[in-house]
Amino acid sequence: MKLERIIADSGAVLVSGPADLEISSICSDSRKVTAGSLFIAVKGYANDGHRYIAKAINLGAAAILYEDENALQEQLAQVNGAVPALIRTENSRHTLALTAANFYDHPSRKLTLVGITGTNGKTTTVTLLYRLFNRLGYHCGLLSTIANYVGSHSFEAKNTTSDPITINALLNDMVNEGCGYCFMEVSSIGMEQERVSGLDFKVGIFSNLTHDHLDYHKTFAEYLRCKKLFFDQLGPEAFAITNIDDRNGMVMMQNTKAQIVTCSCRSMADHTCRIVEESFDGMLLRFDGVESWSRLIGQHNAYNLLAIYTAALVLGERQEEVLVALSALESAPGRLENIAGPDDRNVVIDYAHTPDALDNVLKTLKEIAPERQLICVFGCGGDRDKTKRPEMAQIAEKWCDRIVVTSDNSRTEKTADIMADIKAGFDLSGRAKSLFIEDREEAIRTAIMISQQGSTILLAGKGHETYQIIGTETRHFDEKEIVRGIFENMK
């Protein structure tokens, strides 16, 4: 593709070199540069791409897009030979997203792109939307925390919201595979870093907003602002679906140009859902007055299902067909996954790693079976928001009969220090019913061994993850494998 077409309307200006230069690829990672590439130097959260301009040129980059003039000149001084075409921009993040969309010929305009943002429920909602629309007979794509799918082909997901080049490349693959829909998680960090700029969303969904990512955003107000950007950028032909039971549900809609559609599990709205009955096997729900069974459990999943139902209706699907398809869906991996054990014990694995998510899951498990002993195994991630650690302790203390505090992904923090932050949130009664075991596998084993017949044991925080990060090492760690092994030895 010609350089002039790639940088058109991206905020970039060609400083030197031919506009009709043929570009073979675009990249912001110098390790991916090949002959004929456009290398875009982005100032990242932990690194600065300007430091690798000389390397990119030596690898054969045909053009360099940059933001920092001084950094560029320092790098050019290290280059022996011809200088490639140079393009200047005031905002390399923004330009990266728009050039990625240009390079792949705006694939988001060639299918129906549905995005969801919020603190909790994003993965479950997009995964079930993907499964629902497949059941309704459509060829679909999925961009999520767990995995990316082009049709039925799975690709590893490294972030909740990938970088703009990866997103547009995957969307382009979906278009080429004949996908008509793509369902995508949109994170606050992804919005702040302009990873979805230039994408044409047909539907945007807001789930909820609670405490998370304050290590990055610093304040809740900034976290909210970044979430709200998603709806501010929707076009007038799009639909904005919002959960009005969340106190920020209508705040998100204040500046949107999209058509607003409200949903609620508690009050009047365009679309409503109520729980009629609930057990470990599922829920009987009433959507807009029509009853339907779901295999999912919990009030938070009623909200997720309502968002899915609402999105399907605004996309033109028939209510009856949507409810039939919804009733056949199972939860996303690592979301309230139940493993039955001996003596009527149940181990539930859930990704809950925020105070609100943990509260939702524990409340659900207690309300479904108030007579059962409830044990929770949880930790908190290292090098992440520390303020939520004592909050999660208080929530576990409120709902649980026994608690086992352990490691999560400790990363470069000492697990003992993280556990101490959690311990600070307990009062005397909370500490009395808590155990502190650094090794997570041993913590799981202990929780099962101290459980009574008919107990429910929640393993919170890891969910779908099959690894654990301790220090800089990523180790294989699959809680489902561990639990099944323990149960097998108990027979």
Side-chain angles (χ1 to χ4, degrees), residues 5-12 91 93-118 122 125-126 129-130 133 138 140-143 160-165 167-172 174-175 179-207 209 224-244 248-263 269-271 307-308 310-317:
R5 185 176 169 191
I6 296 171
I7 65 172
D9 301 318
S10 68
N91 185 337
R93 284 193 186 282
H94 183 70
T95 299
L96 170 65
L98 299 189
T99 54
N102 285 342
F103 184 78
Y104 289 100
D105 196 24
H106 296 278
S108 67
R109 298 174 184 174
K110 300 173 185 177
L111 45 65
T112 298
L113 181 59
V114 178
I116 177 170
T117 196
K122 297 188 296 297
T125 301
V126 295
L129 272 167
Y130 168 78
F133 273 72
Y138 298 100
C140 304
L142 173 68
L143 300 176
T160 298
T161 306
S162 298
D163 66 272
I165 297 173
I167 291 171
N168 280 278
L170 286 168
L171 290 174
N172 189 57
M174 292 175 199
V175 171
C179 294
Y181 292 87
C182 175
F183 304 99
M184 176 181 177
E185 291 187 54
V186 180
S187 68
S188 57
I189 295 173
M191 285 302 306
E192 196 272 335
Q193 295 184 356
E194 301 222 37
R195 297 180 198 170
V196 299
S197 295
L199 299 184
D200 187 4
F201 286 91
K202 303 298 191 303
V203 177
I205 303 169
F206 170 70
S207 60
L209 197 69
L224 184 152
R225 184 191 72 81
C226 291
K227 291 286 189 188
K228 186 176 176 294
L229 282 173
F230 178 52
F231 300 98
D232 293 350
Q233 295 173 13
L234 292 178
E237 302 302 316
F239 291 95
I241 298 171
T242 186
N243 167 22
I244 60 170
N248 291 299
M250 291 310 296
V251 173
M252 292 289 156
M253 303 294 110
Q254 285 177 350
N255 302 110
T256 189
K257 302 179 186 70
Q259 302 168 62
I260 299 171
V261 181
T262 60
C263 54
D270 294 323
H271 297 287
I308 294 161
T310 303
L313 293 191
V314 302
L315 289 170
E317 299 303 310

(message) Strictly below 4.0 Å, N to O, side chains only: are Lys110 and Asp200 in salt-bridge contact?
(response) no

(message) List the residues meeting side-chain contact (heavy atoms from CB on, under 4.5 Å) with Ala258, not counting sequence neighbours, and say none if there are none.
(response) Leu234, Ala238, Ala240, Thr256

(request) Report yes if some heavy atom in the side chain of Lys202 is under 4.5 Å from a heavy atom in the side chain of Val114; otherwise report no. (result) no

(message) For the CD atom of Glu192 and the OG atom of Ser187, what is their distance to the nearest 0.5 Å?
(response) 10.0 Å

(request) State which residues pass side-chain contact (heavy atoms from CB on, under 4.5 Å) with Val261; sequence neighbours excluded, sorted by chain then number. (result) Phe239, Ile241, Asp270, His271, Thr310, Val314

(message) Can you confirm whether Leu98 sits close enough to Asp9 that some side-chain heavy atom of one is under 4.5 Å from a side-chain heavy atom of the other?
(response) no

(request) Give, for atom SG of Cys179 and atom CG of Leu142, the distance between the pair rounded to the nearest 0.5 Å. (result) 10.5 Å

(message) Please enumerate all residues that pass side-chain contact (heavy atoms from CB on, under 4.5 Å) together with Ala101, with sequence neighbours excluded.
(response) His106, Asn168

(request) Would you name the heavy atoms of Pro164 and Ala100 that are closest together and state the gap between them? (result) O-CB, 3.8 Å

(request) State, with a plain yes or no, whether a side-chain heavy atom of Ile167 is found less than 4.5 Å away from one of Leu143. (result) yes

(message) Does either side chain, that of Asn255 or that of Lys228, offer a donor lying less than 3.5 Å from an acceptor on the other one?
(response) yes

(message) Minimum heavy-atom separation for Ala311 and Leu129, please, with both atom names.
(response) CB-CD2, 4.1 Å

(request) Not counting sequence neighbours, which residues clear ring pair (Phe, Tyr, Trp, His ring centres under 6.0 Å) with Phe133? List them please. (result) Tyr138, Tyr181, Phe183

(message) Looking at every non-hydrogen atom in both residues, tell me the closest pair between Met250 and Thr242 and how far apart they are.
(response) SD-CG2, 3.9 Å

(message) Let me confirm one number: the CD1-CZ distance from Ile244 to Phe206, rounded to the nearest 0.5 Å.
(response) 12.0 Å

(request) Not counting sequence neighbours, which residues clear side-chain contact (heavy atoms from CB on, under 4.5 Å) with Thr117? List them please. (result) Val186, Lys227, Phe230, Phe231

(message) Any heavy-atom pair between the side chains of Glu194 and Leu96 that's under 4.5 Å?
(response) no

(message) Quick one: does any side-chain atom of Thr95 pair with a main-chain N or O of Ser10 as donor and acceptor, under 3.5 Å?
(response) yes

(message) Can you tell me how far apart OG1 (Thr125) and CD1 (Ile308) are? Round to the nearest 0.5 Å.
(response) 5.0 Å

(request) Using salt bridge (Lys or Arg N to Asp or Glu O under 4.0 Å) as the criterion, list what pairs up with Arg109, not counting sequence neighbours. (result) none

(request) Considering non-hydrogen atoms only, spot the tightest contact between Ile7 and Ala12 and give its length. (result) CB-CB, 4.3 Å

(request) Could you check Val203, Leu199, Val196 and say which one makes a side chain to side chain contact (heavy atoms under 4.5 Å, CB included) with Leu113? (result) Leu199

(message) Treating Asn91 as the side-chain partner and His94 as the backbone partner, does any N or O pair qualify as donor plus acceptor under 3.5 Å?
(response) yes

(message) Quick one, Lys257 and Asp232 - any side-chain contact, counting heavy atoms below 4.5 Å?
(response) no

(request) For Gln254, look at atom CD and say whether over 12 heavy atoms of other residues, nucleotides or ligands are found less than 6.0 Å away. (result) yes

(request) Kindly indicate whether the side chain of Ser207, heavy atoms from C-beta on, has any atom under 4.5 Å from the side chain of Asn243. (result) no

(message) Using 0.5 Å steps for rounding, measure from the OG atom of Ser197 to the CE atom of Met191.
(response) 6.0 Å

(message) Test side-chain contact (heavy atoms from CB on, under 4.5 Å) on Met174 and Leu111; report intermediate values, then the result.
(response) CA-CA 8 Å; Met174 292 175 199; Leu111 45 65; 3.9 Å; yes

(request) Give, for atom CG of Leu209 and atom CG of Asn248, the distance between the pair rounded to the nearest 0.5 Å. (result) 5.0 Å

